[in-house]
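Quick caveat, the model's predicted, so the values are computed rather than measured. The first residue in the sequence is number 1, and the count goes up from there.
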Amino acid sequence: MRVVIVENLRNPYEGNLGGMNRRFKLTLNKLYAWSLVDYERVVMIDSDNIFLHNTDELFQCGQFCAVFINPCYFHTGLFVLQPSMDVFKSMLHDLEIGRDNSDGADQGFLVGCYPDLLDKPLFHPPENGTKLNGTYRLPLGYQMDASYYYLKLHWHVPCGPNSVITFPSAPWFKPWYWWSWPILPLGLSWHKQRWDDLGYAAEIPVVLIELLMYIAIIAITRLARPQMTKLCYNRRPEKQGALVQGLIKLAAILAMVAAYTIPFFIIPCTVHPIIGWSLYLFGVLAFSSAVINAFLLPPLAVLTAWLGMVGMLFVMAYPWYHDGIARILVVVAYAFCSAPFLWGSLVRVIDSLQTMLERDPYFPRLSEPAPETEFSKLF
């Protein structure tokens, strides 16, 4: 393996990149591939590609070859090139003069460099292994958009070998993120490839630390439960005002939301999906147990969303759908049927808080001695 360290190329089109497209700021560094003159051919690939089969025949292609995954522009997630310092210097000159670029990134720039690629012949590798000259269009099978799979839940690309999958989706649903599966079933294939090649040694220490933290939260919550219950009752005879009661309800709702969101953001993004979802669900369970005991909430109402998420994962991960449309319809139906239960659980949480606030005042004033009541003596 050879690692080439390069200086980032200045992107003269950076001002035209807005929002999420700013992630393409450094993609012009791909142009350095033309400077690798020690090699006869270079296959440039993005990290969101999965190779299903050996594709050594790509090294037989000509000076430039790429795939059209839409009718107008070829895709630069995978392309073949013949390194040349003359071509590289010409491209750097084009960057200096700010030649027109349709998207401000590498794809728009290279489309401008090879505007007639659509009219070129389709690549067919010679059986004798010789290298071709010129430019060629690569068959679609070398850059299969993952969305082709989701329509039928199997591959149906008739032109060319079905060799390489690409994921030109929203940046937060790239296959290396643990939450992308089972929303996007093919994400598990990407992680299988990573498991075979690299493993997950970099993420495992953080995962173990988080697991121990969640176990500690559950243990501390269980041990402190009697004391936490006592703190939830004010033994003073007067009732709290409506503002204080509203703030307490708001705090309880925010605590529930935090219990479901905090675990998501502290899990390593690139961990295996099975580990990621398991750790997330366990983390939600740990934080929810603290919220339940702190606010004396009904456990089932707080964990209804947790149970719904578990069910949704099973619905999306079910491997025997007839096609992608059936899968979407089942997911929508499940969400529709789950909505009343989620709403009912929220109403029950609010009612539980209201009942407690009306039954006894909340949060004692620690500076004053508290008279005992019959209800508080139960604890």
Side-chain angles (χ1 to χ4, degrees), residues 172 177-183 200 203-233 244-317 334-335 338-357 362-364 379:
W172 284 103
Y177 293 130
W178 62 265
W179 59 81
S180 67
W181 180 89
I183 301 172
Y200 293 88
E203 291 90 350
I204 291 301
V206 179
V207 170
L208 293 177
I209 291 173
E210 290 187 27
L211 182 61
L212 294 175
M213 180 184 70
Y214 295 147
I215 293 175
I217 291 175
I218 293 176
I220 293 173
T221 299
R222 296 296 298 177
L223 292 174
R225 184 173 183 177
Q227 289 75 17
M228 294 174 70
T229 303
K230 290 180 181 179
L231 288 177
C232 288
Y233 292 96
V244 175
Q245 291 187 11
L247 291 176
I248 293 173
K249 292 179 183 179
L250 179 61
I253 298 300
L254 291 178
M256 290 176 56
V257 173
Y260 280 85
T261 55
I262 291 176
F264 180 88
F265 289 104
I266 62 178
I267 296 174
C269 296
T270 56
V271 76
H272 192 281
I274 301 298
I275 299 175
W277 280 111
S278 300
L279 191 61
Y280 170 74
L281 292 173
F282 188 60
V284 172
L285 192 63
F287 283 112
S288 295
S289 66
V291 174
I292 290 169
N293 288 303
F295 292 94
L296 298 181
L297 300 176
L300 184 59
V302 176
L303 295 175
T304 297
W306 187 90
L307 295 172
M309 293 174 63
V310 173
M312 179 64 79
L313 290 175
F314 278 103
V315 168
M316 290 190 293
Y334 178 86
S338 301
F341 293 95
L342 293 174
W343 177 255
S345 67
L346 179 61
V347 172
R348 188 179 177 191
V349 167
I350 299 298
D351 290 343
S352 177
L353 286 170
Q354 184 63 36
T355 300
M356 186 185 343
L357 291 169
Y362 216 72
F363 294 129
F379 303 96

Work out which heavy atom in [X] is nearest to a heavy atom in [Y]; give both atom names and the distance.
| X | Y | value |
| --- | --- | --- |
| Ser352 | Leu296 | OG-O, 3.7 Å |
| Pro263 | Ala259 | CD-O, 3.3 Å |
| Leu313 | Pro182 | CD2-CD, 3.6 Å |
| Thr270 | Tyr200 | O-CE2, 3.5 Å |

Distance, nearest 0.5 Å, that separates [atom1] of [X] from [atom2] of [Y]:
| X | Y | atom1 | atom2 | result |
| --- | --- | --- | --- | --- |
| Trp181 | His272 | CH2 | NE2 | 8.0 Å |
| Arg222 | Asn293 | CZ | CG | 6.5 Å |
| Gln354 | Gln245 | CD | CD | 5.5 Å |
| Met213 | Ile266 | CE | CD1 | 4.0 Å |

Restricting to ring pair (Phe, Tyr, Trp, His ring centres under 6.0 Å), what partner residues turn up for Trp178, sequence neighbours left out?
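Expected list: Phe264, Trp277.
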The criterion is ring pair (Phe, Tyr, Trp, His ring centres under 6.0 Å); which residues satisfy it with Tyr214, sequence neighbours excluded?
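Applying ring pair (Phe, Tyr, Trp, His ring centres under 6.0 Å) to Tyr214 gives Phe287.
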Name every donor-acceptor pair, under 3.5 Å, that has one atom in a side chain of residues 298-312 and the other anywhere in the protein, sequence neighbours excluded.
from   : atom 1 : to     : atom 2 : distance (Å)
Thr304 : OG1    : Leu300 : O      : 2.6
Trp306 : NE1    : Leu281 : O      : 2.8

Just do the side-chain contact (heavy atoms from CB on, under 4.5 Å) check on Ser180 and Trp172 with the steps written out, would you?
CA-CA 8 Å; Ser180 67; Trp172 284 103; over 6 Å; no
side-chain hydrogen bond (donor to acceptor under 3.5 Å, both in side chains) partners of Glu210, counting only residues at least two apart
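Glu210: no side-chain hydrogen bond (donor to acceptor under 3.5 Å, both in side chains) contacts found.
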Taking Ser345 for the side chain and Leu342 for the main chain, is one N or O donor matched with an acceptor at less than 3.5 Å?
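Yes.
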Any donor and acceptor pair, going by atom type alone, linking the side chain of Thr221 with main-chain N or O of Ile217 inside 3.5 Å?
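Yes, because the side chain of Thr221 sits within donor-acceptor range (under 3.5 Å) of the backbone of Ile217.
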Can Phe282 and Ile218 be said to form a side-chain contact (heavy atoms from CB on, under 4.5 Å), step by step?
CA-CA 10 Å; Phe282 188 60; Ile218 293 176; 3.8 Å; yes
Using side-chain heavy atoms (C-beta onward) and a distance below 4.5 Å, is Met256 in contact with Leu297?
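In short, these two side chains touch, coming nearer than 4.5 Å.
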Suppose we screen for side chain to side chain contact (heavy atoms under 4.5 Å, CB included). Which residues come up paired with Leu346, at least two apart in sequence or across chains?
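In terms of side chain to side chain contact (heavy atoms under 4.5 Å, CB included), with neighbours along the sequence ignored, Leu346 is linked to Ile253, Trp343.
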Listed partners of Ala251 passing side chain to side chain contact (heavy atoms under 4.5 Å, CB included), at least two apart:
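Partners of Ala251 under the side chain to side chain contact (heavy atoms under 4.5 Å, CB included) test: Phe295.
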